[in-house]
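What you see is a predicted model; the values in this text were computed from it and never measured. Below, chains carry the letters A, B, ... as their sequence lines are ordered, and counting in each starts from 1.
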Amino acid sequence: MKINWKEIEAKWRTKWSENKDFETDPNEKQKKFITVAYPYPNSPQHIGHGRTYTLADVHARFYRMLGFNVLFPMGFHYTGTPILGMAKRVEANDKEIINNLKNLYGVPEDTIKEFVEPIKIASYFHQEIKAGMIEMGYSIDWRREFTTIDPMYAKFIEWQIKILKEKKLIIQGSHPVGWCPKDQNPVSQHDTLGDVEPDFTEYILIKFKFENYIIPTATLRPETIFGVVNLWVNPEIIYKKITVNNEKWIVSKECAYKMEFLDKKITYEGEIKGSELIGKTVTVPHRNESIVILPANFVESETGTGVVMSVPSHAPFDYQALIDLKKSQMEPELSKKVNAITPISIIVTEGYGENPAKEAVEKFKIVDQNDPKLEEATKEVYSKEFYEGKLKSNTEQFAGIKVAFAKDTIKEWLIKNKHADILLELTNTPVRCRCGAECVVKVLNNQWFLNYGDMNWKEKATKCFDSMNILPQEIRTEFNYVIGWLRERACARQHGLGTKLPWDKDWIVESLSDSVIYMAYYTISKFINNKTIVSDNLTSEFFDYIFLDKGDLEKISSITKISNNIITEIKKEFQYFYPVDSRHSGRDLVPNHLTFFVLNHVAIFPESNWPREIVVNGSVLMNGSKMSKSMGNIIPLRKAIADYGADPIRLAIIISAELLQDADFNMESVGGIQNKIESLFDQCFSLKAEKSDVLEAEDIWIKSKTQKMISQVTIAVEKMRLREALHDILFGFESDLSWYMKRVTAKNRNNISSIIHEVNSIRIAMLSPFAPHIAEEMWEKLGHSGMVSKSAWPIFSQINVDPISIQSEEYLKGVIEDITKILKVTKMTPQKITIYTADLFKFKVYHFILEKITKGQTNMGIIMKELMANPDTEEIKKNPDFVQKTIKDILSEPTEIRNTKIESKKFNEKNFLANELAELGRKEFSVEIQVFSESDSEIYDPKEKARHARPFKPAILIE
RNA sequence: GCGGGAGUCGCCCAGCCUGGUCAAAGGCGUAGGGCUUAGGACCCUAUCUCUUAGGAGUUCGUGGGUUCAAAUCCCACCUCCCGCACCA
């Protein structure tokens, strides 16, 4: 039967909401506080977002069925710059974004017009996302919803940031950022044309002395100062004479402009043409050696200072330029100088000789200095030398050091001796701001940082991580690593939505810093939303009292004008729900949000309120590739729900991958899930919970198997191995059920409705956290009163597991399988089948061997000797083949089955087969099956097969 | 470079933690059959190689090792993917 997902889902959604099932207040039960990283509302959510929330919802629903008082709240993170950027683009009538909003996100045109206001964007997508979450059936307590620009939230963040400052964890310093000179604003990826991230590198400026000027050259390789033999300038460039912090420099115009933003005082003094510098000499700093300035056209005014130091031994450009120059027409005097130049080799690298640059130029078949392949050659030499090279003896105190280590040391040494300076430069130029201006690097002074580099802080966070449950376990090392390399992090910016720094109103608390302890806020947001408290009254004393148990109630009450009772109630609410029992998020938040979450908790809260668990999930791929706007493979969640139903989407997301794996989502799998659920749904109509009569062998077996399933599924869900759990519920159990049906049909039984009813009730209860709507419907159809979401999670009961029945059904399956195999190989049509079970003597030997093996003895020779030493089993020497095969039989079995066999010595193969095999045989092979023991006196054994019988491996004769 | 992860029977993907139920689940694909007016959907059977008696052989990136026994544990190597920040 086709399921009307929409109708069923709406029906149960309404019931949950009417019953206020997910509105959680403190009570006498044990609590679980489950949170997910709240969404940033700059677009509708897609299937990928759905994964994290779905996992958390399953988690919440599971704990609810286990009897916990579960709080699962949600907020919306308005803080940040991307929305601001979007608003600007809408205002500028940017075609791309308007097209995306209209066609990709389906925003009505009238609404788009309002999007010039950033808050309109946020609140539009906020409602869109919320609607999707409700449609997905997430069991969220919406009374606690908030946004991060609510006035009350601002108070909360002010409190948080103030505490951090008091603890001296917020410090001030300077920091380079991408910068738009026109907007006077930092730029990030969202603010640039084409969404490029401004990427910059640090060049070392080596200060060469030229008369009373300094000619700086920019390099990434300060160590090569020991190999410099000349300088390159472009004769066509007009250089600027400038004063930089009381020094006179000669650099390109572009370089001078860049330096204006780098916290340097620049005044312009004059100009000099590149050609005028040719042939002049400069002094190498520290060595006081003179080298000549030569012309080269590969030198660009936009890069570095517009002057390049030449290290022909290690830099392919320099080597090639020197060759080009030697070939060209020169004044005799210059020519003499050029010919006197010999490269100085300063790095030894395995695989290269004296002149790596020369080798690379030859290898890449470089034509001249304008050859584009030179970039590649440079890259190769550089990376090889950097990671593998060592400095030679002509590098003074640095001799013998690996280049990778020497680089920073030499940089420090040069700067300390005033031989060098720093130049920051964009590497992916030109980066243009959305306003059209070309961006630069700016050093921001007075920037505020969270000092995540603080060793004590790190230690505390590590302690917290050590005591936390991290799921899956594999991700733990990654957290430890992140804690290790974390340094200062800017925690405020100058534009965007968010809370202003209380002590410096020019700055707004940055989005990854105002989202670290907000879980605590959920415990008070309920009182804000129902107007019990208002923001005007709130002071940091209030938060101190609620969250840190500091201060005096009377005093707080008089300051805030909130009654003692209410303050006490709020405090109790917090104390009941805190700490966070489980925090869910995607793995992309591991190196930032999740780690900051822990760091800030340990900084602000006492140990008793440190978080308990983190659950991390992988991302979602669409048909094997990343979802992206440009690929056009983003499926909006609400559209998917409308097309397929929420439950099939939930199931498809969960079944497609284990927690940390990337889930490859495709619509075919959703169809498969729908069919699976439909067939389960159909069964529910015909089943009745009537009393069952006497249980037959297969009934006991399927009940045992059901218990095993309960145990497996429960353990899997506890570890958030939801794929495995769901698989066991839906598919894994299917093969057991079909064996059961085979047995039942063979016997022509029609009294199994109650058994199946019982089994399916258990399955549907366990399915309920995964597919909550349809599970309710099935539960109702099965005739249960009450809701499945409020029923108890099935509990494993050892009493209902009958090991002997598991063993005997396995045995029966084995016999059927053997017969099938024989028929397959021989291709015969059976007329008659005869089974011979082993005699008592063989059983005695079998158990002897079984016990030996259990004790670890697997050596055939030793076992044989021991058997012969015992008068009871001595006779086995006539049948050594039996011993060998028996050892093999036993070794190929799981330990569990071996133990069962030890415990069930009395198992009577012949009786069991005689009772259970005949009907099955008739059904499966359409023949009569006769069963003998090989020791029976009136045995029918024309082919003398009986003697081959072994315990649990009867002999078979097919005619 | 540093750190993390992965390589499984045509494809996707389980299993590895805790060695034996593993020629290895499930899905897709393919072949045959059933159902259907037909198509789809669904159900059944088969799907490494050999085999006229339930068997044997060769497989889990490559090469070693430990063990009675290795996809699973240990060592080395090869290949691929992800993160390395001021951005949500």
Set of side chain to side chain contact (heavy atoms under 4.5 Å, CB included) partners for Leu891(A), sequence neighbours left out
Ile853(A), Thr858(A), Ile887(A), Arg898(A)
Going from OG1 on Thr81(A) to CE on Met86(A), what distance comes out if it is rounded to the nearest 0.5 angstrom?
12.0 Å
Could I get the full list of side chain to side chain contact (heavy atoms under 4.5 Å, CB included) partners for Asn592(A), not counting sequence neighbours?
Leu512(A), Leu589(A), Phe596(A)
Could you pull out all residues at least two apart from Thr477(A) that satisfy side chain to side chain contact (heavy atoms under 4.5 Å, CB included)?
none
Check step by step if ring pair (Phe, Tyr, Trp, His ring centres under 6.0 Å) holds for His77(A) and Tyr518(A).
CA-CA 10 Å; His77(A) 197 196; Tyr518(A) 69 90; 7.2 Å; no
In whole angstroms, how far is the C1' atom of C86(B) from the CG atom of Asp514(A)?
14 Å
With a 4.0 Å cut-off on heavy atoms, is Tyr481(A) in touch with a base, just the backbone sugar-phosphate, or nothing at all?
base
Please report the distance separating the C1' of A71(B) from the corresponding atom of C86(B), rounded so that it comes out in whole Å.
44 Å
Round to a whole Å and report the spacing from CG of Asp682(A) to C1' of C43(B).
14 Å
Asn480(A) CG to C2(B) P, straight-line distance once rounded to whole Å
19 Å
Asp662(A) atom CG is separated from C13(B) atom C1', nearest whole Å, by 13 Å
Sub-3.5 Å donor-acceptor pair from the side chain of Ser174(A) to the main-chain atoms of Val443(A), do we have one?
no
By nearest heavy atom, map Ser656(A) and Glu488(A) onto RNA chain B; which one lands nearer the 5' end?
Ser656(A)
Paired stretches of RNA chain B - 3 or more consecutive Watson-Crick or G-U pairs, each distance under 3.5 Å:
B:1-7 with B:78-84, B:10-12 with B:26-28, B:29-34 with B:42-47, B:48-50 with B:55-57, B:61-65 with B:73-77
Say you pick atom C1' in U8(B) and the same atom in U59(B); how far apart are they, in whole Å?
10 Å
C42(B) phosphate, OP1 or OP2, under 4.0 Å from Ser679(A) side-chain N/O
no
P gap between A24(B) and A31(B), integer Å
24 Å
On a whole-Å scale, what distance lies between the C1' atoms belonging to G20(B) and G26(B)?
23 Å
Roughly, in whole Å, what's the span from CD1 in Ile129(A) to C1' in A88(B)?
12 Å
Write down the distance separating the P atoms in G40(B) and G55(B), rounded off to the nearest Å.
39 Å
Are Lys742(A) and Glu924(A) close enough for a salt bridge, meaning some N to O gap below 4.0 Å?
yes
Can you tell me if the side-chain N/O atoms of Arg587(A) get under 4.0 Å from OP1 or OP2 in G4(B)?
no
Scan nucleotides 52-60 of chain B nucleotide by nucleotide, 5' to 3', and note B when protein non-hydrogen atoms come under 4.0 Å of the base, S if they reach only the sugar-phosphate, - if neither.
BBBSS----
Could you go through residues 946-959 of chain A and list every donor-acceptor pair under 3.5 Å that involves a side-chain atom there, pairing it with any protein atom two or more places apart or in another chain?
| from | atom 1 | to | atom 2 | distance (Å) |
| --- | --- | --- | --- | --- |
| Arg950(A) | NE | Asp889(A) | OD2 | 2.9 |
| Arg950(A) | NH2 | Asp889(A) | OD1 | 3.1 |
| Arg950(A) | NH2 | Asp889(A) | OD2 | 3.0 |
| Lys953(A) | NZ | Asp818(A) | OD1 | 3.4 |
| Lys953(A) | NZ | Asp818(A) | OD2 | 3.0 |
| Glu959(A) | OE1 | Tyr940(A) | OH | 3.1 |
| Glu959(A) | OE2 | Tyr940(A) | OH | 2.8 |

Produce the list of close N/O pairs, under 3.5 Å, pairing protein atoms with atoms of nucleotides 71-75 of chain B; give distances to one decimal.
none

Can you tell me, in whole Å, how much space there is between the C1' of A14(B) and that of U67(B)?
26 Å
Glu851(A) and Thr854(A): side-chain donor and acceptor closer than 3.5 Å?
no
Criterion ring pair (Phe, Tyr, Trp, His ring centres under 6.0 Å) on Trp457(A) and Tyr452(A), from CA distance to verdict:
CA-CA 7 Å; Trp457(A) 199 358; Tyr452(A) 289 139; 5.0 Å; yes
His126(A) versus Tyr78(A), side-chain donor and acceptor atoms under 3.5 Å:
yes
For residues 469-486 of chain A, pull every pair meeting salt bridge (Lys or Arg N to Asp or Glu O under 4.0 Å), keeping only residues two or more places apart or in separate chains.
Glu478(A)-Arg587(A)
Name the atoms and distances for all side-chain donor-acceptor pairs under 3.5 Å in residues 720-733 of chain A, with sequence neighbours left out.
| from | atom 1 | to | atom 2 | distance (Å) |
| --- | --- | --- | --- | --- |
| Arg721(A) | NE | Glu724(A) | OE1 | 2.9 |
| Arg721(A) | NH2 | Glu724(A) | OE1 | 2.9 |

In whole Å, what is the span from the CD atom of Glu724(A) to the P atom of C17(B)?
14 Å
List every contact pair, protein side and nucleotides 44-50 of chain B side both N or O, where the distance is under 3.5 Å.
none

Could you pick out which residue, Asn592(A) or Gln661(A), lies toward the 5' side of RNA chain B when each is mapped onto its nearest nucleotide?
Gln661(A)
In 5'-to-3' order, the base (B), backbone-only (S) or no-contact (-) status of each nucleotide in nucleotides 19-27 of chain B, using a 4.0 angstrom heavy-atom cut-off, is -BB----S-
Are Ser619(A) and Asp662(A) close enough that a side-chain donor and a side-chain acceptor fall under 3.5 Å?
yes
Please give, in whole Å, the distance from C86(B) C1' to Leu424(A) CG?
15 Å
Taking only the P atom of each, what is the distance from C60(B) to A70(B) in whole angstrom?
12 Å
Rounded to the Å, how far apart are Gln494(A) CD and C87(B) P?
12 Å
Distance-only donor-acceptor check, side chains Tyr644(A) and Gln674(A), under 3.5 Å:
no
What's the closest nucleotide to the side chain of Thr477(A) if the choices are C2(B), G5(B), C87(B)?
G5(B)
For Glu866(A), what residues pass the side chain to side chain contact (heavy atoms under 4.5 Å, CB included) criterion, not counting sequence neighbours?
Phe848(A), Lys852(A), Ile862(A)
C1'-based separation of G5(B) from G54(B) [nearest Å]
44 Å
